[in-house]
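To keep things clear, I will list the structure first and then write my remarks on it.
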Number of protein chains: 2
Amino acid sequence: MKVNVTMKDIAERLDVSSVTVSKALNDKEGVSDELKEKIKTLADEMGYRYNAVAKSMKDGRSYNICVIIPERYTGMSQSFYLKVYQSIAQHLEEYGYYAIIHIMTDDDEDQLKLPRIYHEQRVDGFVLLGQPKTDYINHMKKLGMPLIFLDFYDENSNVDAVITDNFNGAYEITNYLIKQGHRDIAYVGNLFSTSSIQDRFLGYYKSLLEHKIQLNQDYVISDRNERGAFISFDLPEVMPTAFVCNCDQVAHLLMERLRHDGYKVPEDCSVVGFDNDIYATLTTPNLTTVEVDVEEMAKNAVKFICEKMEDPTNSFGRLAVKGKIIYRDSVNEKK
Amino acid sequence: MKVNVTMKDIAERLDVSSVTVSKALNDKEGVSDELKEKIKTLADEMGYRYNAVAKSMKDGRSYNICVIIPERYTGMSQSFYLKVYQSIAQHLEEYGYYAIIHIMTDDDEDQLKLPRIYHEQRVDGFVLLGQPKTDYINHMKKLGMPLIFLDFYDENSNVDAVITDNFNGAYEITNYLIKQGHRDIAYVGNLFSTSSIQDRFLGYYKSLLEHKIQLNQDYVISDRNERGAFISFDLPEVMPTAFVCNCDQVAHLLMERLRHDGYKVPEDCSVVGFDNDIYATLTTPNLTTVEVDVEEMAKNAVKFICEKMEDPTNSFGRLAVKGKIIYRDSVNEKK
DNA sequence: CTGAAAGCGCTTACAG
DNA sequence: CTGAAAGCGCTTACAG
């Protein structure tokens with residue numbers, strides 16, 4: 001058995017041309033059924049493997065999509081990114097594409113260094129998963145390649161984006177707290193860090209507004225610096241009865257802090273999170289939170305990027321995928 | 001500006017041949033320094049990007065290494081896998097290779113289904129990260145492609161492997177417990193699940209032996225079924241004063257269980273883990289554990305696989321990379 | 001239904 | 001130092 005069987009090898013054995021073999025193996029028209037069967041059978045027998053590199057070269061496409069994740073996000077809730085990646089990879093498979101992860105270092109981000117895969121023309125499009133700095137985004141846009149933002153968007157760029165419906169999720173979970181009788185509700189998150197955190201805040205705020213609850217600036221608590229690293233924070237002097245956290249991890253940190261300061265959850269304070277990631281079930285009590293629909297987000301991101309590759313003028317805007325409240329044990333009715 | 005600038009385009013502009021352009025851009029001999037500079041400058045100007053696909057086709061290599069992770073592992077400590085992947089990718093870059101993650105579903109594993117990337121000849125070697133079933137391993141071996149096991153090994157396969165020095169790590173951390181005065185020490189882990197868990201057990205056992213401590217079968221506690229899913233377990237009737245857990249996650253679960261049953265850590269029982277992953281610092285108190293040297297493991301795995309691609313007869317055996325004990329607050333001196 | 005020719009973008013081996 | 005020719009494995013467009 002030859003090391004690498006090619007279509008030509010099959011063609012020679014059957015005394016046909018490699019064009020015919022190509023047509024047969026790709027189920028194209030122009031080969032008799034009989035011959036097609038014979039070719040396919042022999043290909044199997046000879047252990048033929050399709051050479052996708054040759055195909056790539058022919059059509060000038062790599063069939064790779066690069067999923068760029070800024071390194072600082074991978075330190076956070078890693079499960080999320082691997083899950084999203086897996087989902088993207090599975091959906092891309094249906095289109096005949098591959099997903100390749102590129103974890104971008106802070107240095108590369110600062111220096112606007114693009115992944116090697118770009119410089120070697122081995123990629124047809126990018127999915128940005130996790131928000132890089134504006135300069136980097138602008139740099140990527142100039143490439144003129146299909147580009148999708150996933151799990152964030154940028155006000156100043158009209159790049160198509162698939163995001164969690166942060167606004168509505170936070171709105172609904174705040175409504176739920178209010179329905180439980182809470183009126184003194186704090187929000188934990190740096191409003192200037194990412195669009196997600198900001199939108200979740202606005203959803204929280206909308207719920208307050210609708211219930212005629214005044215927004216108390218002491219109840220807006222920053223949890224991280226602008227690079228995304230968590231910072232320690234003080235609890236408000238007058239304590240609220242509930243906290244809406246911008247993510248489960250910070251809810252987890254907050255609950256440790258509350259316990260440390262002698263508050264019981266949910267007896268003294270209720271706490272809700274967002275994401276339903278690993279931290280949601282690591283805390284005691286388990287967190288009531290908003291579950292992100294990873295599957296649906298990945299599916300749409302893939303659809304968008306593939307349609308953009310077909311026709312670069314395709315544009316989709318911003319798609320907000322609805323999440324779902326998961327009710328657990330971190331919320332009490334306010335008596 | 002043309003959409004895709006090729007060497008030929010540069011050649012025409014400079015009235016030289018594309019062979020010369022190729023030599024210049026690759027810093028090969030046979031071009032005058034002056035001409036080489038001119039070519040490089042123009043290439044930059046024209047926005048030339050190297051076409052690695054053409055190169056791949058020419059040398060019949062994809063320059064891709066596929067990192068296969070069985071899906072059931074990704075549910076566990078995801079941070080680890082993403083970290084390992086990143087480290088592999090970075091090291092592969094030095095060799096001009098790319099790393100591509102493939103998360104293998106249980107179904108694919110059962111049906112011995114290889115990743116599409118293999119069938120399309122878009123991969124030159126495999127790194128198996130996390131132990132698949134024996135049948136799958138044997139199937140992969142038959143491919144005759146460069147193959148490395150990472151973070152596990154298989155008794156029956158003589159495939160090169162890079163692993164954490166599980167035996168020594170567990171041996172040393174058990175020694176530490178004994179030095180703190182403990183003699184009734186349990187081990188938590190299913191001995192028949194993976195080679196890591198087994199080796200960690202043996203390291204624990206060696207430490208007992210050296211200190212003339214009888215192994216008590218009631219003190220060997222299974223934590224998961226053979227597919228790797230955690231199961232609930234009973235605490236021994238007569239409690240030990242310390243637990244060696246096969247991983248941080250199970251140490252975390254154990255500590256919750258202990259707390260629930262009214263035991264305090266480390267006052268009543270000491271607990272140590274293994275891995276130093278996210279669970280080590282999520283528990284209160286923080287875990288004393290063994291840190292895995294991800295960087296060193298990835299570096300060696302990459303070295304091995306690349307040398308095997310150069311010469312398939314290269315063989316390295318099993319390399320155990322030493323870990324490091326991280327001392328935290330989950331161990332007390334036994335009075 | 002079948003196939004000869006040309007081409008994708010590069011590199012190698014050779015000739016000058 | 002420079003370049004014409006051939007080839008990597010496939011597919012497309014066309015001719016028969």
Side-chain angles (χ1 to χ4, degrees), chain A residues 2-40 42-43 46-64 96 116-124, chain B residues 2-40 42-43 46-64 96 116-124:
Chain A
K2 254 188 75 174
V3 178
N4 270 319
V5 182
T6 69
M7 288 188 180
K8 206 170 151 229
D9 298 326
I10 300 173
E12 276 166 10
R13 285 268 295 263
L14 250 30
D15 234 354
V16 296
S17 81
S18 61
V19 176
T20 301
V21 173
S22 169
K23 283 174 185 161
L25 294 179
N26 288 298
D27 280 323
K28 298 228 165 125
E29 295 188 349
V31 199
S32 68
D33 285 352
E34 194 193 359
L35 182 54
K36 187 191 278 186
E37 267 321 299
K38 234 160 89 184
I39 289 172
K40 285 189 172 182
L42 183 61
M46 295 174 73
Y48 173 77
R49 283 189 296 153
Y50 184 78
N51 188 324
V53 173
K55 161 99 167 137
S56 275
M57 161 97 115
K58 185 73 169 86
D59 17 90
R61 292 192 184 195
S62 66
Y63 294 100
N64 286 147
R116 180 171 54 118
I117 204 173
Y118 167 77
H119 290 109
E120 296 194 344
Q121 292 200 61
R122 290 174 60 124
V123 62
D124 302 336
Chain B
K2 254 189 76 174
V3 178
N4 270 318
V5 182
T6 69
M7 289 187 179
K8 206 170 153 231
D9 297 327
I10 299 172
E12 276 167 8
R13 286 266 299 261
L14 250 31
D15 234 354
V16 297
S17 81
S18 61
V19 176
T20 299
V21 174
S22 169
K23 284 174 185 161
L25 294 180
N26 289 299
D27 279 322
K28 297 226 166 127
E29 295 188 348
V31 199
S32 67
D33 285 351
E34 193 193 359
L35 181 52
K36 188 191 279 187
E37 268 321 300
K38 235 160 88 185
I39 288 171
K40 286 188 172 181
L42 183 60
M46 294 174 74
Y48 172 76
R49 283 189 295 153
Y50 184 79
N51 187 325
V53 173
K55 160 96 167 140
S56 275
M57 162 98 115
K58 185 73 170 86
D59 18 85
R61 292 191 183 196
S62 67
Y63 294 100
N64 286 149
R116 179 171 56 117
I117 204 172
Y118 167 78
H119 289 109
E120 295 193 345
Q121 292 200 60
R122 290 174 62 125
V123 62
D124 302 336

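Each chain gets a letter, A, B and so on, in the order its sequence line appears, and its residues count up from 1. Quick note: numbers below take in every heavy atom, side chains included, and nothing from hydrogens, waters or symmetry partners. These numbers were taken from a predicted model, which means no experiment stands behind them.
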When all nucleic acid strands are considered with a 4.0 Å heavy-atom cut-off, which category describes A:Gly60: base, sugar-phosphate, or nothing?
nothing
Watson-Crick or G-U wobble partner for D:dA13, using a 3.5 Å limit on both distances?
none
Closest listed nucleotide, where the reference is the side chain of B:Asn51 and the choices are D:dT2, C:dG9, D:dT12:
C:dG9
Per the atom types in the model, does the base of C:dG3 pair as donor or acceptor with the side chain of A:Lys23 at under 3.5 Å?
yes
When all nucleic acid strands are considered with a 4.0 Å heavy-atom cut-off, which category describes A:Asn26: base, sugar-phosphate, or nothing?
sugar-phosphate
Closest heavy-atom contact between B:Arg122 and A:Ala52?
CD-CB, 3.4 Å
Checking A:Ser18 side chain against A:Val21 main chain: does a donor-acceptor pair fall under 3.5 Å?
no
More than 12 heavy atoms of other residues, nucleotides or ligands under 6.0 Å from NZ of A:Lys38: is that the case?
no
Would you mind reading off the distance between B:Lys8 atom NZ and C:dC10 atom P, rounded to a whole angstrom?
11 Å
Between D:dC10, C:dC10, C:dT12, which nucleotide has the shortest distance from any of its atoms to the side chain of A:Thr6?
D:dC10
A:Arg49 side chain vs B:Tyr118 backbone, donor-acceptor pair below 3.5 Å
yes
Which nucleotide in D:dT2, C:dG3, C:dC10 has an atom nearest any side-chain atom of B:Leu35
D:dT2
Go through C:dG3, D:dT11, D:dG3 for me and flag the one nearest to the B:Val19 side chain.
D:dG3
A:Glu12 has an atom CD; how far is it from atom P of D:dC10, in whole Å?
12 Å
Nearest to the side chain of A:Ala54, heavy atoms from C-beta on, is which of D:dC10, C:dG3, C:dG9?
D:dC10
Please determine, for the side chain of A:Thr20, which listed nucleotide (D:dT2, C:dC10, C:dT2) has the closest atom?
C:dT2
Touch check for A:Val16, heavy atoms < 4.0 angstrom, all strands: base, sugar-phosphate only, or nothing?
sugar-phosphate
Where the side chain of A:Ser18 is defined as all heavy atoms beyond and including C-beta, which of D:dG9, D:dG3, D:dT11 is the nearest nucleotide?
D:dT11
When all nucleic acid strands are considered with a 4.0 Å heavy-atom cut-off, which category describes B:Met7: base, sugar-phosphate, or nothing?
sugar-phosphate
Looking only at heavy atoms, what is the nearest atom pair of B:Arg13 and B:Leu42, with distance?
NH2-CD1, 3.3 Å
Is there a Watson-Crick or G-U wobble partner for D:dA4 with both distances under 3.5 Å, and if so, which one is it?
none
